[in-house]
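Here the structure is laid out as structure tokens; the discussion comes afterwards.
Bear in mind the structure is a predicted one, so any value in this text is a computation, not a measurement. Sequence lines set the chain letters: A, B, ... in the order given, protein chains first and strands last, and positions in each chain run from 1.
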Protein chains: 2
Amino acid sequence: MDYKFRSNCPISSVLDIIGDKWSLLILRDMMFAGKKTFGEFSSSSEKIATNILTDRLQTLEQTGLITKGKLPDNKKTNIYKLTEKGIDFLPVMTEVMLWSNKHLNEHVSEENQKVAAMIQKDKEAFIKVMRSRLAD
Amino acid sequence: MDYKFRSNCPISSVLDIIGDKWSLLILRDMMFAGKKTFGEFSSSSEKIATNILTDRLQTLEQTGLITKGKLPDNKKTNIYKLTEKGIDFLPVMTEVMLWSNKHLNEHVSEENQKVAAMIQKDKEAFIKVMRSRLAD
DNA sequence: AATTTTACTTGCAAAACGAAAGTAAAATTA
DNA sequence: TAATTTTACTTTCGTTTTGCAAGTAAAATT
């Protein structure tokens, strides 16, 4: 099987998103922690600055990975959701999680190691379950 | 199947690497373009600044994803290689490539689209082939 | 009506970035 | 062997980004 790229592969085009740690953290929290609001993102243990969080949410929205909306009875709180394009990023984040679990495992709880082992066994099943959770 | 994380998943620990676009470009060029030297990395179309390239190569070495060596008969040119830890990052870069190909395809050559379709059909086979290339 | 919450904005010092020029060791060329 | 070129950086400095901390206005709660 010959995998040969004749021109630059398009990875560089996505680097404004995945080459930014705060954007990745937001996507992680949306995908794996079910977070939806500015306050929830702000409360992550990594302590993102509020001006940076604002900036990254705007960038993710402008590049079509998330949308910003409101609940019908609440004009104040923004609700952020992943778009289809954003949900399609799940395999990337899943592989990042698995890589981290394997290579940075001195920082990983035993509980998370077990979950990662289950995911490793059947990535497709995991992604299917997560997709259906996020599609709500 | 219940995938439930009881504590923070370890993604944030890896963000110094994958949350940096220049590091990702270097890893891409090593994995998919077979690049090994400072000059080759420097010649990528994204035009990384030489002081930044130096900095990122040092960071990747210090975090154990690449090694820096020389050829036996050449004391001048540095040869960079992926470590096992670095090669394990292949699935992440593969998913990034597939995501880019799907969502940024107006920038993607027809040739690369065909290659991406082949990869999508059998990711495991692709990763196996690439691993054996890189393990040399 | 008063207070709290939410999602920001602002000011500013520090850090990072990146263009461009320079440098020294090592290789190549004449 | 001397001159030139190549390689992998380092340095300078202006610009941009980051991030802390305080402030703000609209909306919700008390």
Side-chain angles (χ1 to χ4, degrees), chain A residues 11-30 33-63 65-82 86, chain B residues 11-30 33-63 65-82 86:
Chain A
I11 289 178
S12 63
S13 310
V14 73
L15 291 183
D16 287 343
I17 309 304
I18 69 157
D20 175 71
K21 68 178 250 179
W22 298 119
S23 298
L24 290 174
L25 276 172
I26 292 166
L27 292 174
R28 175 202 71 178
D29 285 351
M30 293 180 83
K35 293 180 178 180
K36 299 181 166 67
T37 69
F38 190 99
E40 290 174 324
F41 299 132
S42 189
S43 71
S44 293
S45 59
E46 290 84 7
K47 295 293 179 199
I48 183 172
T50 54
N51 53 330
I52 303 297
L53 178 51
T54 300
D55 181 75
R56 298 307 193 267
L57 287 169
Q58 284 173 356
T59 300
L60 286 167
E61 192 184 356
Q62 278 155 13
T63 53
L65 273 81
I66 68 175
T67 57
K68 173 165 137 182
K70 307 268 191 192
L71 291 172
D73 58 344
N74 188 337
K75 284 180 178 170
K76 192 177 182 185
T77 303
N78 290 327
I79 303 293
Y80 294 93
K81 284 187 175 181
L82 289 158
Chain B
I11 287 177
S12 62
S13 310
V14 73
L15 291 181
D16 288 342
I17 308 304
I18 69 157
D20 176 70
K21 67 178 248 180
W22 298 119
S23 298
L24 290 174
L25 275 172
I26 293 165
L27 292 174
R28 175 202 71 178
D29 285 351
M30 293 180 83
K35 291 181 179 179
K36 298 183 169 64
T37 69
F38 190 98
E40 290 174 324
F41 299 132
S42 189
S43 71
S44 293
S45 60
E46 291 83 8
K47 296 292 178 201
I48 183 173
T50 53
N51 53 331
I52 303 297
L53 177 53
T54 299
D55 179 70
R56 298 307 192 269
L57 287 169
Q58 285 175 353
T59 300
L60 287 168
E61 193 184 356
Q62 279 157 11
T63 53
L65 272 81
I66 68 175
T67 57
K68 174 164 136 182
K70 307 270 192 189
L71 290 172
D73 58 344
N74 188 336
K75 284 180 179 170
K76 192 176 182 186
T77 304
N78 290 327
I79 303 292
Y80 294 94
K81 284 186 175 181
L82 288 159

Roughly how far, to the nearest 0.5 Å, is [atom2] of [Y] from [atom1] of [X]?
| X | Y | atom1 | atom2 | result |
| --- | --- | --- | --- | --- |
| B:Lys47 | B:Leu25 | NZ | CG | 13.0 Å |
| A:Ile79 | A:Asn74 | CD1 | CG | 7.0 Å |
| A:Leu60 | A:Ile26 | CG | CD1 | 5.5 Å |

When you compare the protein's N or O atoms with those of nucleotides 11-15 of chain D, which come within less than 3.5 Å of each other, and at what distance?
none

List the residues meeting side-chain hydrogen bond (donor to acceptor under 3.5 Å, both in side chains) with [X], not counting sequence neighbours, and say none if there are none.
| X | result |
| --- | --- |
| A:Lys81 | none |
| B:Asp29 | B:Ser44 |
| B:Thr63 | none |
| A:Asn78 | A:Lys70 |

A:Trp22 side chain near D:dG19 phosphate (N/O to OP1/OP2, under 4.0 Å): yes

Any B:Arg56 side-chain N or O less than 4.0 Å from OP1/OP2 of C:dC17: yes

Nearest-Å distance, [atom1] ([X]) to [atom2] ([N])?
| X | N | atom1 | atom2 | result |
| --- | --- | --- | --- | --- |
| A:Lys70 | C:dT6 | NZ | P | 12 Å |
| B:Ile48 | D:dC9 | CD1 | C1' | 13 Å |
| A:Lys21 | C:dA16 | NZ | P | 11 Å |
| B:Phe38 | D:dT7 | CZ | P | 11 Å |
| A:Glu46 | D:dT18 | CD | C1' | 17 Å |
| A:Lys35 | C:dA7 | NZ | P | 13 Å |
| A:Ile26 | C:dA7 | CD1 | P | 13 Å |
| B:Asp55 | C:dG18 | CG | P | 11 Å |

Once side-chain contact (heavy atoms from CB on, under 4.5 Å) is applied, do any residues pair with [X], and if so which ones, sequence neighbours excluded?
| X | value |
| --- | --- |
| A:Ser43 | A:Lys35 |
| A:Asn51 | A:Ala49 |
| B:Ile48 | B:Trp22, B:Ile52, B:Leu53 |

Any heavy-atom pair between the side chains of [Y] and [X] that's under 4.5 Å?
| X | Y | result |
| --- | --- | --- |
| A:Thr77 | A:Leu71 | no |
| B:Phe38 | B:Thr50 | yes |
| B:Gln58 | B:Thr54 | yes |
| A:Lys68 | A:Tyr80 | yes |

Touch class at under 4.0 angstrom, heavy-atom based, for A:Phe41 against every strand present: nothing

Sugar-phosphate, base or nothing in reach of B:Lys68, heavy atoms under 4.0 Å: sugar-phosphate

Dot-bracket line, read 5' to 3' along DNA chain D, where crossing pairs take [ ] and | marks a partner on another strand, Watson-Crick or G-U under 3.5 Å: ||||||||||||||||||||||||||||||

Below 3.5 Å is the cut-off: list the nitrogen or oxygen pairs between protein and nucleotides 13-15 of chain C, distance only.
none

Per-nucleotide protein contact string for nucleotides 22-30 of chain C (B base, S sugar-phosphate only, - none; heavy atom under 4.0 Å): ---BBS---

A:Thr37 side chain, from C-beta outward: closest of C:dA7, C:dC17, D:dA8: C:dA7

